[in-house]
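Throughout, protein chains are lettered first and strands after them, A, B, ... in sequence-line order, and every chain is numbered starting at 1.
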There are 2 protein chains.
Amino acid sequence: MTIDKGPVVAHGPAMIGLKLDDRDLKILSILSREGRLSKADLAKRVNLSPTPLWERLKRLEKAGVIRGYSADISLKGVAPHIEVFVTLELENHRAESFQAFEQSMGRHDEIVACWAIGGGFDYVLQIITRDIDSYQRLIDTLLDGKVGLARYYTYVVTKPVKLRGAPPLEFLLDGARPDGPADGSGD
Amino acid sequence: MTIDKGPVVAHGPAMIGLKLDDRDLKILSILSREGRLSKADLAKRVNLSPTPLWERLKRLEKAGVIRGYSADISLKGVAPHIEVFVTLELENHRAESFQAFEQSMGRHDEIVACWAIGGGFDYVLQIITRDIDSYQRLIDTLLDGKVGLARYYTYVVTKPVKLRGAPPLEFLLDGARPDGPADGSGD
DNA sequence: CTTGAAACAAAAGAGAA
DNA sequence: TTCTCTTTTGTTTCAAG
């Protein structure tokens, strides 16, 4: 059975040179932490009336800067689970191997994220699964498949130290600041 | 169609003892992908009228199962940036070293996430920064501080293969399935 | 769980600065 | 243009059954 879980990666529309002013920044910054804030309240927080805010939002969403919204689910107190990071290397570096591997990523819900990387390994995987046992079964599945794994290292998360940051918008968009004071509030 | 898996009893450090039925699961699953869906629409999608849905949602939010909502920001085409994973080990493993290190995580917006891990390293860091140069400056800051880094490995992301998805709720909450059919409905 | 009503938010338009 | 103001439609929340 192949479940189409869809998109392995949803690239935003290839867009270029969208200009974001300070208010856009603030909007993004607020929404990245309070994704369900009403547009009216958001407008107040950035000193705008609803309509202009609404237009900015639409622009940001259309441009793919805001890719979507999501609820932050905590498994704590809901189900036993472990979180694991894996760095791994493929046996061979032919394009078809990469492709086969990357497609297999989409077929496992337990693999919640995957990045291709440089620096001694080919991929980093973030996995959430029930326990070590089902983690090992997942790895075995990957090993058994046509995907050739040369080696992999397992890092079990013992404690989340810092969770869920938004990208450092102010820092990235405002060249100079060493470590942005994320908030220009006081409007 | 609704698959009846029977209620699952939540457990964890806080021992909440929250019972999640199939509909709660579906609600979580939908909201984790469409975090700004209106409650009215969500109600329709799970065959409920607004009020009971509203009560379930409130219960889930109060219990901390839904921790919050956030907008997914994509910087593609908006700002130059690189994403980096770092595995690192501290020089010494005294409690105060860990504590100092973990506090320093909170002081840098570029460090978007950090996990304590077992397996040869102490931490995994996920970093988003402007370029290699500012990445290196960040590392230097950590090296200069009282936080003693014994060694660290840098993995620059070359391609996001699978973007952070929801935790595999159905899989975690429903014992046996190897790879859950994420959806129990044809609504 | 349903109805239904009052309070509130979203979306779109007319027009002023 | 970009914002404010206004209207219509739809959503949220809660009381009562």
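- With hydrogens and angles ignored, the 3.5 Å screen pairs a side-chain donor or acceptor of A/Arg36 with a backbone N or O of B/Gly35.
- For D/dC5, the base has a donor-acceptor partner in the side chain of A/Thr51 [N/O atoms by modelled type, under 3.5 angstrom].
- With D/dT11, D/dC14, C/dA10 as the choices, the nucleotide that has an atom nearest any side-chain atom of B/Ser38 turns out to be D/dT11.
- Regarding B/Arg56, its CZ atom lies at a distance of 5 Å from the P atom of C/dC1, rounded to whole Å.
- For B/Lys58, counting side-chain heavy atoms from C-beta on, the closest listed nucleotide (D/dC14, D/dT12, C/dC1) is D/dC14.
- Ring to ring, A/Phe101 and A/Tyr123 are close: their centroids are under 6.0 angstrom apart.
- Checking A/Arg36 against A/Ser49, the closest nucleotide of DNA chain D that is more toward the 5' end is the one next to A/Ser49.
- As rounded to whole Å, 15 Å separates atom P of C/dT3 from atom CD of B/Glu55.
- When the P atom of D/dT2 is taken as reference, atom CG of A/Asn47 falls 18 Å away, rounded to whole Å.
- Distance NZ (B/Lys62) to C1' (D/dT13): 13 Å, rounded to an integer number of Å.
- Side-chain rings of A/Phe85 and A/Tyr153 stay apart, their centers remaining 6.0 Å or farther from each other.
- Straight-line distance from the CG atom of A/Leu53 to the P atom of C/dA10: 9 Å, rounded to whole Å.
- Taking the side chain as every heavy atom from C-beta outward, B/Lys159 and A/Glu102 approach each other to under 4.5 Å.
- In this structure, A/Trp54 reaches the C/dA11 phosphate: one of its side-chain N or O atoms is under 4.0 Å from OP1 or OP2.
- Rounded to a whole Å, the NZ atom of A/Lys39 is 9 Å from the C1' atom of C/dA11.
- Screening B/Glu55, B/Arg56, B/Lys62 for a side-chain contact (heavy atoms from CB on, under 4.5 Å) with B/Lys58, the sole residue that qualifies is B/Lys62.
- Rounded to whole Å, the distance from NZ on B/Lys44 to C1' on D/dT12 is 13 Å.
- Checking B/Asp41 against A/Arg23, the closest nucleotide of DNA chain D that is more toward the 5' end is the one next to A/Arg23.
- Residue B/Leu37 contributes atom CG, which lies 18 Å from atom P of C/dA9 at whole-angstrom precision.
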